[in-house]
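Before any comments, here is the structure.
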Amino acid sequence: MPELPEVETVRRDVDALFTGRTIVDAAVGGPRTLRRHADPAAAVARLRGRRLESAGRRGKFLLLRLDSGEVAVVHLGMSGQLRVGEAGSPRQAHTHLVLTWDRGPELRFVDPRTFGQVWLTSAAVPELAHLGFEPLDEPIGWRGLEQRLAGRRTRIKPLLMDQRFVAGIGNIYSDEILWSAGVAHDREAGSLGGPEVQAVYRSMRSVLSAAVRLRGSSLADEQYRDLAGRIGGYQLRHRVYGRDGLPCRRCGTPILRAKAYGRSTWYCPVCQH
DNA sequence: GTATGTACCTGCGGGC
DNA sequence: TGCCCGCAGGTACATA
């Protein structure tokens with residue numbers, strides 16, 4: 001499932017390939033991808049003739065800034081992909097939006113489960129005002145994290161996945177971060193001591209940075225691919241996610257899987273406290 | 001403030 | 001082989 005590292009990988013690819021180019025046509029498939037707009041066809045019409053000034057990211061949201069001052073916001077949801085394809089080449093099933101540029105390949109939004117969405121909004125992107133801090137681009141320091149955790153009685157894992165608290169972390173990376181930090185998923189967030197907060201903060205940055213370097217995680221049963229259709233590399237570095245029954249890479253104890261917070265959670269019962 | 005459940009959706013795997 | 005069912009999970013929202 002696309003989280004911060006996967007969206008950042010897509011952002012870099014889009015920026016390298018399309019920034020400075022002009023959209024000459026935009027075609028929308030079904031209504032769900034642009035469901036924020038009452039009239040999806042009218043919304044995509046606003047893309048035509050617009051030049052891409054930059055591709056940015058906020059949490060798991062991709063921000064395509066246009067020379068009109070508007071921003072096309074893309075969220076990949078569970079199964080969304082941005083893919084390139086030469087004009088006239090076969091399109092994948094579930095291709096919901098196609099952008100044609102003044103030169104180069106088409107940019108296609110493909111999304112079987114249709115949890116993803118695309119919408120057009122003003123430069124300030126008010127819809128994203130609720131998002132928490134950026135774990136890589138906004139170095140709040142472990143003291144900053146400690147302040148934000150103080151008094152919180154919720155469990156640490158769902159808090160790391162709460163986009164209002166910190167932007168970009170989902171089920172895969174929350175498990176990986178907590179294993180790396182040696183902290184149990186069900187610890188009360190405000191109960192973490194200083195060294196534990198430091199460990200969570202460092203792990204958050206190191207795990208996400210490494211995953212960005214390796215262009216994200218692609219699992220056998222999920223859809224994530226980069227623009228060219230290539231898989232990521234970080235799944236080879238997973239320490240707990242999807243590894244139930246396999247030995248912990250730190251202590252050898254079999255990794256456990258639990259159903260918690262409405263999600264599958266993987267953890268080491270011995271070296272996470 | 002916190003916890004839990006539901007809706008949205010399709011592909012896949014397990015069970016029969 | 002074919003059918004049915006449950007599961008996977010990001011976000012938003014409802015309810016307790």
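The basis for the numbers below is simple: all heavy atoms, side chains too, and nothing from hydrogens, waters or symmetry mates. So that the names make sense, note that chain A is the first sequence line, chain B the second, and so on, each numbered from 1. It should be emphasised that the depicted structure is a prediction, and the values quoted were computed from it without experimental measurement.
- Applying the 4.0 Å criterion to OP1 and OP2 of C/dT11, one finds that A/R36 has every side-chain N and O outside that range.
- The two residues A/L82 and A/L76 make their nearest non-hydrogen contact at N-CD2, 4.3 Å.
- The CZ atom of A/R35 sits 10 Å away from the C1' atom of C/dA12 (whole-angstrom rounding).
- Taking the ring centre of A/W179 as origin, the terminal cationic atom of A/R250 falls inside the region bounded by 6.0 Å and 45° from the ring axis.
- Taking 4.5 Å as the limit, every side-chain heavy atom of A/I23 sits out of range of all side-chain heavy atoms of A/F18.
- One interatomic measurement links the two molecules: CZ of A/F165 to C1' of C/dG10, which rounds to 19 Å at whole-angstrom precision.
- Here B/dG11 is the nucleotide among C/dT11, C/dA12, B/dG11 with the atom lying nearest to any side-chain atom of A/H94.
- A distance-only check finds no donor-acceptor pair linking the side chain of A/Y173 to the backbone of A/G168 [under 3.5 Å].
- With A/L120 as the partner, the side-chain contact (heavy atoms from CB on, under 4.5 Å) test is satisfied by one option alone out of A/L34, A/V44, A/L66: A/L66.
- The nearest whole Å value for the distance from the CG atom in A/D111 to the P atom in B/dT10 is 10 Å.
- Atom CE in A/M161 sits roughly 14 Å away from atom C1' in C/dA12 (whole-Å rounding).
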Short heteroatom pairs, N/O only, protein and nucleotides 1-4 of chain B, under 3.5 Å:
from	atom 1	to	atom 2	distance (Å)
B/dT2	OP1	A/R153	N	2.8
B/dT2	OP2	A/R152	NE	3.1
B/dT2	OP2	A/R152	NH2	3.3
B/dA3	OP2	A/T154	OG1	2.4

Close N or O pairs between protein and nucleotides 7-9 of chain B (under 3.5 Å):
from	atom 1	to	atom 2	distance (Å)
B/dC8	O3'	A/R32	NH1	3.2
B/dC9	O4'	A/R113	O	3.3

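- In terms of phosphate contacts, A/Y241 brings a side-chain nitrogen or oxygen within less than 4.0 Å of OP1 or OP2 of C/dG9.
- Following chains of ILVMFWY side-chain contacts shorter than 4.5 Å, one cannot reach A/V110 starting from A/V118, and the two form parts of different hydrophobic clusters.
- When side chains are defined from C-beta on, A/L159 counts as touching A/L149, because their heavy atoms get closer than 4.5 Å.
- Side chains of A/N171 and A/M161 form a contact here, defined as non-hydrogen atoms less than 4.5 Å apart.
- Going from atom CD of A/E3 over to atom P of C/dA8 covers 16 Å, rounded to whole Å.
- Using a 4.0 Å cutoff on non-hydrogen atoms, no part of residues 227-239 of chain A comes near DNA chain C.
- For the pair A/F61 CZ and C/dG10 P, the interatomic distance rounds to 12 Å; values are reported in whole Å.
- When heavy atoms are screened at a 4.0 angstrom cut-off, A/Q163 is found touching the sugar-phosphate backbone but no base atom.
- If you measure from atom NZ of A/K259 to atom P of C/dG9, you get 6 Å, rounded to the nearest angstrom.
- Using a 4.0 Å cut-off, some side-chain N or O of A/S264 falls inside it from OP1 or OP2 of C/dA8.
- Going from atom CG of A/L62 over to atom P of C/dT11 covers 14 Å, rounded to whole Å.
- Listed for the A/R65 side chain is a donor-acceptor partner under 3.5 Å among the backbone atoms of A/A123.
- Put simply, the side chain of A/E3 gets close to the backbone of A/I172: a donor and an acceptor are under 3.5 Å apart.
- Residues A/R36 and A/Q117 bring a donor and an acceptor atom of their side chains to less than 3.5 Å of each other.
- Of all heavy-atom pairs spanning A/I231 and A/Q235, the tightest one is CD1-NE2, 3.9 Å.
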